[in-house]
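Data first, discussion second: the structure below is written as structure tokens.
Each chain gets a letter, A, B and so on, in the order the sequences are listed, and its residues count up from 1. Everything numeric here is computed off the predicted structure, so don't read it as measured data.
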Amino acid sequence: MKKSLVALALMGAFAGAHAQSSVTIYGTVDAGVSKTTGTTAQIGKRDNNKLGFRGVEDLGSGLKALFQLEIRYEPDTGTIESTSGANSRPLFQGQSRVGLQGDFGTVRLGRGLTPFQETSTAFEPWSGVPAVAGYQTNLQVAGYTSDPLAPPGTSGNRFSNAVWYNTPVINGFQLNVAVGAKEALGNTVAIVGRGTTLAPQYGVNALPSANPWGASATYTLNQFAAYAAYERNAIETKLWSVGASYKPMPALKLMATYQKQDMDHTVLPNAANHETDAWIIGANYTMGPGKLLLGYGVKTPDRILKTKQASIGYEYNISTRTYIYFDLSNKKTPLPATTATTNDSTVNHYSVGIHHNF
Amino acid sequence: MKKSLVALALMGAFAGAHAQSSVTIYGTVDAGVSKTTGTTAQIGKRDNNKLGFRGVEDLGSGLKALFQLEIRYEPDTGTIESTSGANSRPLFQGQSRVGLQGDFGTVRLGRGLTPFQETSTAFEPWSGVPAVAGYQTNLQVAGYTSDPLAPPGTSGNRFSNAVWYNTPVINGFQLNVAVGAKEALGNTVAIVGRGTTLAPQYGVNALPSANPWGASATYTLNQFAAYAAYERNAIETKLWSVGASYKPMPALKLMATYQKQDMDHTVLPNAANHETDAWIIGANYTMGPGKLLLGYGVKTPDRILKTKQASIGYEYNISTRTYIYFDLSNKKTPLPATTATTNDSTVNHYSVGIHHNF
Amino acid sequence: MKKSLVALALMGAFAGAHAQSSVTIYGTVDAGVSKTTGTTAQIGKRDNNKLGFRGVEDLGSGLKALFQLEIRYEPDTGTIESTSGANSRPLFQGQSRVGLQGDFGTVRLGRGLTPFQETSTAFEPWSGVPAVAGYQTNLQVAGYTSDPLAPPGTSGNRFSNAVWYNTPVINGFQLNVAVGAKEALGNTVAIVGRGTTLAPQYGVNALPSANPWGASATYTLNQFAAYAAYERNAIETKLWSVGASYKPMPALKLMATYQKQDMDHTVLPNAANHETDAWIIGANYTMGPGKLLLGYGVKTPDRILKTKQASIGYEYNISTRTYIYFDLSNKKTPLPATTATTNDSTVNHYSVGIHHNF
């Protein structure tokens with residue numbers, strides 16, 4: 001028996017050894033130099049930076065087990081996203097989900113993008129990357145937050161503690177649904193809402209007042225695609241959104257979206273920002289290894305000045321996994337409420353960088 | 001010389017490139033829905049979730065170098081375990097160890113489960129997973145903590161700053177020993193113990209008053225296995241434990257353990273909780289791809305009400321790496337000391353989920 | 001269409017799947033036992049511990065895209081380096097960079113060692129590892145910090161938010177340059193400098209007063225190598241350093257370095273520590289699988305006692321990737337300024353451990 005060293009002690013530790021072949025490592029490194037009106041040149045990113053681990057296990061009869069864990073980080077400083085002590089983003093900010101896939105569709109549990117937030121990226125001219133010149137993080141979501149009861153540093157476009165169900169794609173049609181549990185997520189800042197400072201509507205580490213949920217439907221037919229989405233978050237803000245894209249020729253994709261946010265549950269009807277709507281139009285034009293991105297959009301909250309944004313971008317593929325980019329945008333945003341003047345503030349932004357998938 | 005670009009600058013950075021083949025990635029994703037008396041349904045886990053990296057280097061003559069690094073995370077929120085600012089668990093909470101293995105056995109340095117905590121899992125009906133229906137995190141350890149001077153959020157069943165020695169298995173017998181250094185681990189809460197609030201027995205960032213150490217011996221003979229373990233932690237709480245398992249037929253495993261904790265060093269003899277004992281009996285019965293888990297146990301601290309737990313579980317393997325589980329448990333626990341009444345509190349717990357190894 | 005399940009929803013998530021072959025995992029685990037005058041024996045490290053991910057993509061025509069992400073951790077406790085809430089080191093403390101390499105050299109963006117800090121390690125007798133017996137973290141850099149405006153726990157020998165350019169090696173000669181952006185890094189402690197406590201020269205989360213930058217030139221000819229380096233950090237402290245190594249026979253490497261730090265921007269000329277110089281001499285002698293390390297060095301700050309250090313070390317390779325080490329050092333350092341006496345403090349240090357690359 002002398003050969004089987006530490007068999008007992010390592011039994012637990014080494015379980016899973018046979019599974020090695022199933023893990024795929026993937027990711028993105030995106031870093032560039034940018035300049036915004038009023039600040040010095042900075043090293044930053046245009047896309048989210050990811051380091052992920054995922055796998056698929058074939059269970060036979062068309063059934064599969066899936067998992068995916070995705071670290072998100074900042075290449076300019078080497079930190080995970082938004083590091084700030086207790087308010088840090090999760091290590092696996094990108095997603096952490098496990099599930100089953102079969103003829104019935106896909107069921108997953110854990111943390112990930114909501115159906116609306118994930119579906120809408122395909123109809124945004126910057127493909128949903130959080131570039132300053134892009135529209136996803138502000139106009140495309142009408143300023144809406146999927147995760148308002150999470151700590152301040154956490155990203156706002158995901159559900160934690162949720163179950164996802166995606167139907168199969170049938171005749172170009174797919175339905176995606178996610179429902180979150182009524183669990184507290186450790187928000188450290190109270191949401192006053194319709195309450196008072198002393199008795200806020202949602203206190204620190206508040207429970208959701210309703211199960212957060214969302215659904216999106218997508219339809220694709222030849223050159224045409226469209227979606228419709230609805231979502232209600234943990235503080236009962238509601239959003240609906242529709243969008244469509246069309247390719248009049250293979251190299252050209254035209255797209256438009258509209259979204260409307262209703263904050264009636266936390267904002268009084270006569271207060272500013274009770275409702276917000278936003279629309280975006282955009283185009284992508286492919287020229288050999290290059291791609292031109294164009295976009296224009298307007299966000300209109302109740303009783304507050306509009307946000308208007310015009311952007312142009314260019315991506316040049318130096319390989320299938322690596323491209324160089326240039327972005328240029330002009331954005332008019334309302335000044336903070338504390339400012340006496342009611343004028344807009346205009347900000348120009350330039351960036352150049354490299355985007356590498358691995 | 002023009003071909004060897006950045007040779008000097010990258011020399012350090014790229015050392016180790018030849019070693020790639022030696023790293024194995026492994027892990028677990030376990031997520032499910034659970035419901036406990038008095039709370040809403042939640043997304044949670046039943047087993048610890050792991051993402052690990054390990055390797056073995058063959059040094060010739062039967063000698064091997066080993067390392068293992070194991071991240072632990074929560075799939076429902078994407079965070080590492082117990083994220084709470086300065087009290088966060090270590091990134092490699094599972095373990096971080098390096099060592100040598102040969103005919104003499106295995107020597108490892110770093111952080112990992114203590115011999116008692118690791119050995120006892122094989123004699124617990126839920127195999128040591130921290131399921132609410134399982135016994136490992138409370139009754140199986142008689143409420144004992146291996147790591148009392150670590151920050152509050154840190155798990156209590158590991159030694160940091162320790163050396164491990166495991167003998168080879170000889171005629172079914174194996175001895176495992178671990179000794180910790182007397183290093184402060186940054187506890188942020190004082191342990192009053194036999195001191196006073198102003199002069200606590202162990203202050204903030206206190207040094208151990210003795211080297212923590214533990215040992216376990218295991219013996220396996222055909223259908224029979226048994227262990228005995230002893231451990232003394234950094235505040236000189238002592239624990240001993242014995243257990244055995246027997247398989248009257250291949251599909252059925254019966255098991256029982258007993259453990260006794262002595263807190264004499266920090267608790268006055270006439271105070272509550274001076275000594276604690278606990279016992280558990282359990283069974284695992286395999287039926288084709290399914291496994292039935294049964295357990296009952298009682299923990300009896302001095303002068304405090306007992307904790308009693310009865311649990312039933314079922315695991316259904318849909319592949320060698322993936323199973324679905326159902327757990328049901330009933331647990332009577334003493335109410336917190338601040339409560340006027342001396343009654344027990346009874347909690348029922350149900351959970352269903354998926355467990356995937358990769 | 002029924003076969004392409006969740007095609008749309010997973011489109012973003014699974015991008016990059018084709019790139020799997022390009023990621024290399026590598027790292028180091030170094031753990032040992034050490035004893036320093038006045039403290040108990042401890043489990044610790046001699047080298048930095050790394051878990052890294054890197055890849056090279058061949059773009060054709062000699063052009064390559066590179067990325068490298070390097071986690072740094074403590075194996076004795078399982079944490080990332082210097083965990084302390086908001087002051088934690090970045091997850092990818094080692095480096096996080098992306099870039100392009102071609103006939104023109106290498107351009108990278110992100111966070112990494114400065115040219116001086118990286119180049120000088122090849123001329124230090126412990127090869128730049130942060131061993132107590134080694135010279136890199138104190139004498140080799142004359143006490144200089146490349147990153148003074150980073151949070152307290154962060155390592156001081158890297159630039160964040162920087163661009164690197166390394167020339168190709170031409171006739172044994174190579175030039176490396178890095179320039180940092182003027183971005184705030186979130187320092188939580190003010191640098192009083194030439195200011196006052198109420199109006200510190202660099203406040204909390206201060207911007208650099210100048211772009212940090214550095215350059216190093218290295219030259220290699222047969223048995224001879226030399227470097228010269230210059231660096232100016234975010235608070236305009238300047239450092240220059242020169243060094244050389246010579247191999248009179250293949251088994252023996254002799255080396256010497258000199259460095260001078262000028263803190264004129266933050267320290268008054270008549271104050272202590274206005275200028276610091278330091279020199280080190282050392283030797284490495286290879287004997288079969290063993291290597292003997294010898295070093296002696298002196299650091300001399302203005303108007304403060306000198307630091308003198310003599311060290312001897314031995315590394316014994318048990319494979320190409322694993323060695324055992326023994327270190328012994330004697331270090332005289334000035335007592336802290338708050339101490340009444342002006343005597344030096346003498347500290348002896350012993351360590352033994354294992355170093356494993358994977």
> Between A:R72, A:R158, A:K50, which is the residue that forms a salt bridge (charged side-chain N to carboxylate O under 4.0 Å, His left out) with A:E81?
Replying inline: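 Only one option passes, and that is A:R72.
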
> If you count heavy-atom pairs under 4.5 Å between each of C:L100, C:N211, C:L63 and chain A, which one has the most?
Replying inline: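 Ranked by contacts with chain A, first place is C:L100.
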
> Do A:Y350 and A:S34 come close enough that some side-chain heavy atom pair is under 4.5 Å?
Replying inline: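 A side-chain contact under 4.5 Å is absent here.
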
> Where does the angle between the aromatic ring planes of C:F116 and C:Y144 fall among parallel (under 30°), tilted (30 to 60°) and perpendicular (over 60°)?
Replying inline: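 Perpendicular: the ring planes of C:F116 and C:Y144 meet at over 60°.
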
> For the residue pair A:F358 and C:F67, does the interplanar ring angle fall in the parallel (under 30°), tilted (30 to 60°) or perpendicular (over 60°) class?
Replying inline: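 Rings of A:F358 and C:F67: parallel, as their planes differ by under 30°.
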
> For atom OH of A:Y316, is the number of surrounding heavy atoms from other residues, nucleotides or ligands below 6.0 Å larger than 12?
Replying inline: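 Result for OH/A:Y316: open.
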
>> What part of C:L69 gets within 4.5 angstrom of chain A, counting heavy atoms only: side chain, backbone, both, or neither?
In response: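 For C:L69, the contact with chain A is made by the side chain alone.
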
>> Counting only non-hydrogen atoms closer than 4.5 Å, does C:A150 touch chain A with its backbone (N, CA, C, O), its side chain (CB onward), both, or neither?
In response: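 The answer is neither part of C:A150.
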
> By a 4.5 Å heavy-atom criterion (distance strictly below it), what part of A:L175 contacts chain C: side chain, backbone, both, or neither?
Replying inline: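 It is neither, since no heavy atom gets under 4.5 Å.
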
> Using a cut-off of under 4.5 Å for heavy-atom pairs, which of A:T40, A:T322, A:I71 has the most such pairs with chain C?
Replying inline: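 Among the listed options, the one with the most contacts to chain C is A:T322.
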
